[in-house]
Protein chains: 2
Amino acid sequence: MRSKQTSFDIAYRAGVSQSTVSRALRNSPLVNEETRLRVQAIAKELNYKVDKNASSLRTQLSGTIALLLFEDPTNDDSLINPFFLSMLGSITRASAKKGYDLLVSFQQMSNDWHADFEDTRKADGIILLGYGDYTDYEEKLVQLIKQETHFVRWGADVKGLSVVSVGCDNFQGGYQITEHVINKNRQHFAFLGGISIGSPEFLDRYSGHCQALKDNNLKVDSNLQIDAISTDESGYQAAKQLIAKGIKFDAICTASDLIAIGAMRAIQEAGYNVPGDVAIVGFDDIATACSTSPALTTAKQDTVLAGELLVDKLLQLVSGEVAQTQLMPATLVVRKSCGS
Amino acid sequence: MRSKQTSFDIAYRAGVSQSTVSRALRNSPLVNEETRLRVQAIAKELNYKVDKNASSLRTQLSGTIALLLFEDPTNDDSLINPFFLSMLGSITRASAKKGYDLLVSFQQMSNDWHADFEDTRKADGIILLGYGDYTDYEEKLVQLIKQETHFVRWGADVKGLSVVSVGCDNFQGGYQITEHVINKNRQHFAFLGGISIGSPEFLDRYSGHCQALKDNNLKVDSNLQIDAISTDESGYQAAKQLIAKGIKFDAICTASDLIAIGAMRAIQEAGYNVPGDVAIVGFDDIATACSTSPALTTAKQDTVLAGELLVDKLLQLVSGEVAQTQLMPATLVVRKSCGS
DNA sequence: CTGAAAGCGCTTACAG
DNA sequence: CTGAAAGCGCTTACAG
């Protein structure tokens, strides 16, 4: 077994007290520079590393952030929504940049959360990430607040609770991308995405979509709105349903790229040309959006910025400061799927 | 500020000693059942959670695994190879299943690794994940071994070092998928993927590919092998180079799905039909492989199994047992990209 | 079955 | 600038 070095070993070698070693390694200004350098050199030579359990116990700070990633309810148990995966990447980077480690935990939205990372002192705060209607878990949020857990969440603002959220301006995104398609001279718009299954994000995108249509004197036909969850398969099925209705449409707006990708497949299999016959747009800008043919025009959610905002705001809360809920704009990414 | 409960608070309420509380909460058989239940009830009522820093410090076990995820060298800083993202998901699930938390850390292959999670006692062991030539970091592996760090890695077996690896049988995968295409009556095979840029995985896939060609009396034309790293863009460029050579080919095997997807785009843009004119196959079976048109035939690496094997083997090492390097088979996933 | 006590390895107020 | 000492909150041998 490896023989563990402690600060006492370093102290012995350096001929100073253990307190001085501790100070030296934390770059305390209290310690003489020469002493500090000598101690640090010895620590390095012996490959000594401060025991985080001991220091966290002492300081009551873990230097760690926990990320609770909620899985899509329909998950087939091995796939994760690529948008959240991308968020995971940016959150990891953002925490590393701040010198924090990241504990990642997958959760079922429905189950009892294992949200006790802060209670167990493994993490200083928690980031909640996942689609879903917050009313489904409002109770949990209330409990987190009651326990004074430091946390921030991704998603739409939660009314009535003092929860710090970072989210995308889904209404604006839905509006903007619909307007883009309108400018491509489309008249008959379908919308694929569940507005009735408890997803405020999707509902906001749909509302923005409808507003854009109205502002441009186009009809909102509720027969052309079909529910779908954020998977390729669900988008595929929704588009098939849409086609089966036999109502004319020349544009499909969707609540997510995954839905759009599935829809594109169904539309093309049915013999339509994209964008010739039907323009299709997504939402998110996942990596795959570049690789479809035609490449998908979409509303990009800036995951890098989102990750940084989430981490920054969480660390503000951890250090006792006040943090504000913030909405990020979605930006239009024009590719080929609704014509040039 | 929240007032932290300790085991002493529980002890006081339960009218027992703190030692008994500790035993009761750990379900020690030493404690009377009635006492145990009462203590546990009180703990639950007060929402008491054991301080992991204290217990980890005491037991010298953290209940945590660290995952070091190496980024592709060419990374644009926000995208992560979807295959590794998928591995990340399965590793997270596998560790949760074993009751371990997962610390995730992104690293540059080239930089000094921040591999001291075990030295700092934040983790009991480490999983290394990323493509790359192990000779590039053999020195690091040697150091990990010297420090008696518990670790396992994803990838090809490392010769000469006692490192536990879990990897895919890339030779067999490359062989199998090439044979599949051969059976589709293709004659002129190109291969896209860097065999000269220090990636043993890619090299093994290429070797399997070549062997399959030889075994079927087909020519291996090194002019039809073009380097590419595992990105859509690199695959796209490689395919354009391939076309520019003006040598006849009717099948493209690739070292990864990402390369295949980029290549498919280039081939189609050049006016060829897939699979009519050119059959294309990938490697990995990332989620996107279902969504291309035509959908990509590929060699699947079972990430769920891989995650479980990595975690299981690491935990074996942590508990002082011996673990063996293991190679998993790749399995053929037939879709549309090389005909029916 | 239970309790008193030692000790895990740090950080930091306190005293000099 | 440095050291001796207390204490973070547990777990577990030891004694009963």
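Just so it is clear: chains get the letters A, B, ... in the order the sequence lines come, proteins before strands, and each one is counted from 1. Small disclaimer: the values here were computed from a predicted structure and weren't measured.
Rounded to whole Å, atom P of C:dC1 lies 10 Å from atom CD of B:Glu33. Whole-Å rounding puts the B:Lys52 NZ to D:dC8 C1' distance at 18 Å. For the pair A:Leu46 CG and C:dG9 P, the computed distance is 15 Å after rounding to whole Å. Residue B:Asn53 contributes atom CG, which lies 15 Å from atom C1' of D:dG7 at whole-angstrom precision. One atom, CG of A:Asp9, and another, P of C:dG9, lie 9 Å apart when rounded to the nearest Å. One interatomic measurement links the two molecules: CG of A:Leu57 to C1' of C:dG7, which rounds to 12 Å at whole-angstrom precision.
With no hydrogens or angles considered, a side-chain donor-acceptor pair links B:Gln107 and B:Ser105 at under 3.5 Å. In this structure, a donor-acceptor pair under 3.5 Å is present between the side chains of A:Gln147 and A:Gln143. With 3.5 Å as the limit, one finds a donor-acceptor pair spanning the side chains of B:Asn27 and B:Gln40. Counted by atom type alone, A:Ser19 and A:Ser22 present zero donor-acceptor pairs between their side chains at under 3.5 Å.
Residues from residues 35-44 of chain B lying near DNA chain D, meaning a heavy-atom separation below 4.0 Å, are absent.
Enclosure of atom CD in A:Glu321 by more than 12 non-hydrogen atoms of other residues, nucleotides or ligands within 6.0 angstrom is indicated. For A:Lys122, the NZ atom sits in a packed shell: over 12 heavy atoms of surrounding residues, nucleotides or ligands are nearer than 6.0 Å. The 12-atom threshold is exceeded at CZ of A:Arg38, counting heavy atoms of other residues, nucleotides or ligands nearer than 6.0 Å.
Residue order along DNA chain C, read from the 5' end via each residue's closest nucleotide, puts B:Pro29 first among B:Pro29 and B:Gln60.
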Intermediate values then yes/no, side chain to side chain donor-acceptor pair (under 3.5 Å), A:Thr303 and A:Ser90: CA-CA 6 Å; A:Thr303 55; A:Ser90 67; 4.6 Å; no
Structure string for DNA chain D in dot-bracket form, Watson-Crick and G-U at under 3.5 Å, | interchain: |||.||||||||.|||
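Spacing of C1' atoms, C:dG16 relative to C:dT12, comes out at 16 Å, to the nearest Å.
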Letter per nucleotide, 5' to 3', of nucleotides 10-16 of chain C [B base touched, S only sugar-phosphate touched, - untouched; heavy atoms, 4.0 Å]: BBBBB--
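Between B:Asp101 and B:Lys52, no side-chain nitrogen of the basic residue sits less than 4.0 Å from a carboxylate oxygen of the acidic one, so the salt-bridge criterion is not met. A salt bridge links B:Glu308 with B:Lys97: at least one charged nitrogen is closer than 4.0 Å to a carboxylate oxygen.
Checking side-chain atoms of B:Ser62 against main-chain N and O of B:Asp124 turns up a donor-acceptor pair under 3.5 Å.
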